Every structure is written in structure tokens, then in C-alpha cells.
Amino acid sequence: MCGIVGYIGDKEKKEILLDGLQELVYRGYDSAGIAIIENRQLRNFKAVGRLKNLREKTKDYESIDFGVSIGHTRWATHGKPTELNAHPHMGTYSFVVHNGIIENYQELKKELQSKGINFLSQTDTETIVHLFEKYNNINGNPWEAFTKTIDKLDGAYATLLITEADEKSIFFAKHGSPMLIGFKDDEIFFASSDTPIIGKATEVYYLEDGEYGYAKDGKVTLFDENGEKSFTKQPLATDKAMAQKDGYRFFMEKEIYEQSHVMNDTMMGRLLEDKIDFEELDEKLFENITNIKICACGTSYHSALTGAYLLERVAKIPCQVEIASEFRYKEPLLQKNTLFITISQSGETADTLEALKMAKRAGLKSLSICNVDNSSIVRESDSAILTRAGIEKGVASTKAFATQTMVLWMLTLYVAQIKKSISSEKLLEELDAMRHTPKSLLVTDRVHSKMNRLSKRYLHGHGFFFIGRDLFFPLALEGALKLKEISYLHAEGYPAGEMKHGPIALADSELFTIALMPKTLHYDKIKSNVEELCARDTTVLAISSEPFELADDFIKTTYDSHPMLEFFEMMVVTQLLALEISIRLGNDVDMPRNLAKSVTVE
Ligand code: M6R
């Protein structure tokens with residue numbers, strides 16, 4: 001995810017910006033840049049890859065007089081990670097940095113291009129600076145030009161703009177993406193989160209959506225839709241480690257809360273009005289392909305299983321899923337009409353990587369679904385779709401699972417479009433449901449506080465069964481994995497219909513069953529399975545949008561129109577359950593014992 005910093009003052013600006021950007025690298029990035037106006041001189045540096053490349057490029061540059069400055073770390077969304085696509089983006093005499101999405105950028109870009117304006121990058125951001133200069137060239141009033149510009153933007157964004165037309169100001173606006181302003185005497189700082197300014201500023205103001213304004217002469221003038229407004233600064237935290245977690249107790253908790261937001265990034269530019277488009281894929285990849293095999297480990301294996309249900313049901317293409325460590329040694333029969341998909345958060349999992357190499361040696365076409373660009377798995381694959389979840393720090397994967405599953409849902413529709421195995425009405429229905437996903441992932445106070453209260457009842461017993469059917473079986477597996485990883489309690493995911501074939505022998509009041517009961521998929525079937533467990537005195541926590549009287553505990557979900565929306569909403573509930581149980585047990589949620597984030601050995 002992109003990160004923004006800004007500074008006005010008379011300290012060495014280059015260093016303040018580079019230090020600030022360093023604090024944002026944990027969000028993930030693939031290029032970075034800075035722009036500074038000092039003594040009427042505008043300077044700009046950009047570099048692809050690590051921040052040290054930008055440091056190297058700027059090593060002979062000094063900016064020790066008074067000036068204004070902005071910086072950015074970019075996580076590629078529109079356009080590849082190149083220097084031209086890196087921020088700050090340049091007009092003729094102004095620079096802009098931006099985090100978020102300008103949804104109507106294509107329309108704005110066309111309009112500007114028709115007036116002869118030349119675009120250098122493939123980004124949505126560049127439209128901001130050209131629009132600003134267009135208005136400023138007409139009326140010669142930079143502030144008015146900036147307000148007119150942001151009036152034109154649709155979407156979610158946080159942006160900073162500097163211009164030679166007003167070389168003592170930074171213009172800013174926030175709508176949906178995070179941004180704050182730091183203060184110390186006459187110095188003013190901007191950043192996407194606290195950490196870049198801790199130790200530099202003493203007070204902070206967290207901008208609200210819809211606020212915009214300018215910083216000049218040690219003062220910030222703030223506006224919203226009702227005009228100019230006053231604001232109250234607050235003391236800035238001093239603990240960086242705490243600030244990186246944005247106030248959450250653990251990275252895993254933060255990442256659960258982030259899911260709704262990052263899903264917009266995952267869908268951006270891919271979920272279109274009437275179809276799914278993957279700019280990174282060539283339809284030729286699917287030529288002569290009659291079936292799909294997916295290989296992955298752990299959580300990524302669970303998203304693969306979910307994807308297989310979708311691919312077979314909606315895209316009508318046979319799909320098999322294999323655990324990578326099993327696949328490697330089973331002497332699999334591989335056929336050239338199989339598309340080989342690997343799924344991995346890190347892109348470095350040894351078993352998955354080896355499985356991919358085997359498939360390539362057998363001449364199969366390959367596609368990876370991955371969160372880390374340029375990782376070994378991405379480099380080894382013929383094509384890759386990035387999940388765009390941003391860096392995931394918690395060892396227990398949450399947002400990576402959510403975004404992998406979303407990519408698989410989108411891929412299903414993409415394949416269905418190519419194979420013409422979906423009617424246009426059904427496609428529109430799916431796309432419409434997809435648009436609701438960010439909402440289904442929102443963590444509400446109601447559910448989180450309920451999970452917190454309930455967690456105290458689930459700390460003992462002789463084990464947990466997470467049960468579900470169909471798409472909700474992989475979710476049950478994932479719910480159980482989350483719980484065992486961070487609570488060290490024994491948990492198993494099971495297809496609900498299989499309980500009577502053995503596991504029900506364990507049923508008693510000390511067996512905890514987490515029942516995933518979606519209204520939109522086989523509700524009556526799962527209901528009977530859960531009733532059978534209730535009859536044997538099992539303690540049941542049911543999750544459903546339909547009231548279920550027999551359950552000991554019940555979490556009511558709100559979505560009941562599409563299985564995937566129920567899926568994502570229930571996924572959040574299971575993640576919160578694992579989190580709250582683990583916290584009560586006093587475990588290290590982010591670094592559970594015996595586990596590593598990236599498993600690069602067999
Ligand atoms: O990076 P990968 O997705 O390839 O990692 C695979 C598994 O090691 C990973 O999903 C693991 O199961 C997580 N700890 C689950 O929370």
C-alpha cells in the first residue's frame with residue numbers, strides 16, 4: 001500500500017522525507033520518490049526497488065534552507081513498478097503524491113489529453129497534477145485551482161501537492177485514505193501514519209474524510225464541505241512500535257480490520273462495470289486448457305479449495321487442488337492441457353515453489369496468485385496475479401486469505417467469460433455481489449465485542465470442530481487453522497456431512513463446535529448436521545443470518561444474498577474468535593510458537 005510524507009520547514013528536507021518513507025516500508029512498496037521546492041528550485045528524484053536506491057540517487061543533494069517537500073512509497077496498482085509510474089508525479093511546475101484510487105481518472109485523462117496535455121505515466125495520480133495546472137493556468141490562483149481539482153475527483157484518496165506557483169504551501173486533501181498532520185513550532189509534517197513523524201513532531205491532527213486545506217507559514221488552514229473550520233491538535237505518541245500497529249493490540253488484529261479496505265485495492269481496475277479484466281493476463285494463457293490444478297500450503301491451500309468450488313460451479317472447468325508437499329512426491333500425472341496455478345502469500349514457500357518447477361518441467365502453463373511481486377514464485381510463473389493485500393506481519397494469515405479468495409472469485413468469472421460458460425445476467429449478478437465485499441468485511445463493534453465476551457467460554461474443553469459444507473468447508477478448515485495456530489488449542493475443520501461418519505463419537509458438552517450456517521447454500525442440510533450435534537449435548541456456537549434456537553451461542557450475520565458475502569462475513573467472525581481466545585490465553589498473537597511467516601525450507 002502506498003505511503004505519503006510531507007514537510008515544510010528549514011531542516012534538511014531530503015533526510016526528513018527519506019526517514020519518514022523508511023517508516024512506511026512495512027506497508028509494502030516497489031518504488032519511491034521525493035520532490036522539494038527550495039529557493040524557487042523544484043527538484044525531484046525517483047527510484048524503483050528498495051529505498052536505498054533512492055538514497056543513493058539523492059546522496060549528493062542537500063536541502064538545508066526553508067522549503068516545501070513531499071515523498072511517496074508506491075505499491076503498484078495502475079501500471080507497472082517503473083520510475084515513470086513512481087510518485088511524485090509532475091506537471092510543468094507542480095508535483096503531486098497520492099494514495100488511493102481516482103475512480104474517474106480515465107474520463108479525466110481523456111478530457112485532458114483532448115486539450116493536448118501529455119501524460120508520462122500509466123497512473124491515475126497524474127491526472128491530479130494536470131488538472132490542477134489546467135485550472136491554475138486559467139485563473140492564476142493555486143488555492144482555487146486545487147479546490148476545483150479535488151471537486152472533480154471521485155474515489156478514495158489522500159493527496160499532497162506542491163507548486164512553484166505558490167512555493168511556500170503544501171495543498172492537501174483526504175477522502176478515504178489515511179493522512180495526518182504533525183506540528184512542532186513552525187514546522188509542519190504530513191504522513192500516512194504516525195511513525196514517520198514520531199520523534200520529529202510533538203502534536204498531531206488526524207484528518208477526517210472530506211477535509212482539505214493548505215499549510216503555509218507554520219499554519220494549517222482547514223476546510224470541509226461547510227467551509228473553513230477550526231481543529232484541535234493532540235499530543236503525538238512517542239512509541240513507534242505501538243504506532244505501527246495504528247493503536248491495535250497486535251498486527252493480526254490490525255490486519256483483520258484492514259481487510260475491508262485492502263479488498264478495494266484487490267478489485268481496483270479488475271472489477272469493471274460489466275466484466276472482470278486482468279491487465280496482467282493474456283487470454284492465450286487459457287488456450288487449449290481443459291482443466292486446472294492448484295497447488296499451495298496452509299491458508300493458501302484453503303483459499304485454493306474455495307476457488308475450486310467456484311471454478312467448477314461457475315466457470316464449469318474441472319479443478320483439482322493439491323497440498324504442495326504431497327504433490328511433490330506423489331509422482332503426479334501431468335498433462336499439457338492443465339493450467340497449473342500456485343497460490344502463496346510470500347511467494348517463497350519451498351514446497352509450492354518446487355511443485356511449480358515440477359509442473360514447468362512437465363511443460364504445463366503456469367499462473368501464480370501471490371502477494372509479493374518479484375518473489376521466487378512470481379518470477380518462476382508464466383503469469384502472475386498480485387493479491388495487493390499489503391505487507392502481512394501477523395504469522396497467522398488473514399488479509400492474504402481474504403484477497404487470495406477474492407482473486408480466485410474474480411479469476412472464476414474471468415475464465416467463465418473466456419469460456420462463455422456464464423450468462424450475462426448471472427455475470428452482472430456476481431459483479432454486483434462482488435462490489436459489496438468490502439462492506440461484508442467491515443468489523444463492527446457489535447461483533448468484535450461479542451467475540452471478546454464469548455471467548456472466555458471457549459478456553460478449555462477437549463477440542464473444537466469447525467464445520468461447514470461446500471464453500472464453507474474450506475472456510476471451516478481455515479477457521480480451525482487460525483485457532484490452533486495462535487491459541488494452541490486443538491481444532492479441526494470438517495465437512496459437516498462427514499461428522500456422522502466418525503467424529504460425532506467425540507460429541508459431548510466439552511466438545512466445541514463452530515457451525516458455519518450460510519442461508520444461501522444448503523442451509524437445511526447444515527442445519528440437520530448441527531441439530532445432530534446439539535442432540536448429543538455438544539456446545540455449539542452457530543454463525544448464521546438465520547436465527548438458530550438450539551445453539552448455545554449465536555452470532556448473527558447480516559448478509560444473506562450471496563454465498564461469497566456470507567463467506568467473507570463469517571471469515572471475519574472466525575478470525576476474531578481465534579484472536580480473542582489467543583489474547584485471553586496470554587499468547588503472542590503475532591508470533592506464535594514454532595511458526596515462521598515464510599516457510600522457505602521443506
Ligand atoms: O506464503 P504462503 O502463502 O505460501 O504460506 C503458506 C503457509 O505457510 C501459510 O499460509 C501458513 O499456513 C500461515 N501461517 C497460515 O496462517
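Note that the structure is predicted; figures quoted are calculated from it, not measured. Whatever order the structure lists them in is the order used to number ligands and atoms, beginning at 1.
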Salt bridge (charged side-chain N to carboxylate O under 4.0 Å, His left out): pairs with one or both residues in residues 456-466, sequence neighbours excluded: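 Applying salt bridge (charged side-chain N to carboxylate O under 4.0 Å, His left out) to every pair that reaches into residues 456-466, excluding sequence neighbours, yields Arg457-Asp553.
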What residue and heavy atom of the protein are closest to [atom], and at what distance?
{"atom": "atom 10 (O) of ligand 1", "answer": "Thr299 N, 3.0 Å"}
{"atom": "atom 8 (O) of ligand 1", "answer": "Val599 CG2, 3.9 Å"}
{"atom": "atom 7 (C) of ligand 1", "answer": "Cys297 O, 3.7 Å"}
{"atom": "atom 5 (O) of ligand 1", "answer": "Thr349 OG1, 3.4 Å"}

Basic-acidic side-chain contact under 4.0 Å: Arg328, Asp351: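 Yes, Arg328 and Asp351 are salt-bridged.
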Lys556/Glu569 salt bridge by N-O under 4.0 Å criterion: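 No salt bridge links Glu569 with Lys556.
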Those atoms of ligand 1 less than 4.0 Å from some heavy atom in [X]:
{"X": "Ser300", "result": "2 (P), 3 (O), 10 (O)"}
{"X": "Ser397", "result": "15 (C), 16 (O)"}
{"X": "Ala396", "result": "16 (O)"}
{"X": "Ser344", "result": "1 (O), 2 (P), 3 (O), 4 (O)"}
{"X": "Gln345", "result": "1 (O), 2 (P), 3 (O), 4 (O)"}

N/O donor-acceptor pair under 3.5 Å between Lys450 side chain and Phe554 backbone: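 Pair found, side chain donor or acceptor close to backbone of Phe554.
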Test item, Val395 contacting ligand 1 (heavy atom, 4.0 angstrom):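 Judged by the 4.0 Å heavy-atom criterion, Val395 does count as contacting ligand 1.
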Gap between atom CE of Met517 and atom CD1 of Ile526 - 0.5 Å precision: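 Reported value, rounded in 0.5 Å steps: 6.5 Å.
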Test ring pair (Phe, Tyr, Trp, His ring centres under 6.0 Å) applied to Tyr248 - qualifying residues, sequence neighbours left out: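 By the ring pair (Phe, Tyr, Trp, His ring centres under 6.0 Å) rule, Tyr248 matches Tyr257.
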Lys293 NZ/CZ over Phe340 ring centroid, <6.0 Å and within 45° of normal: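 Not flagged: Lys293 not positioned over aromatic ring of Phe340.
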CG/Asp445: more than 12 non-hydrogen atoms of other groups inside 6.0 Å: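 Not more than 12 within 6.0 Å, no.
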Ligand 1 contact on Lys482 by region, counting heavy-atom pairs under 4.0 Å: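 It is the side chain that touches ligand 1; the backbone stays farther off.
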Do any nitrogen or oxygen atoms of [X] come within less than 3.5 Å of a nitrogen or oxygen of ligand 1?
{"X": "Leu481", "answer": "no"}
{"X": "Ser346", "answer": "yes"}
{"X": "Glu485", "answer": "yes"}

Residue pair Leu411 / Ile341: nearest heavy atoms and the distance that separates them: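 Looks like CD2-CD1, 3.8 Å.
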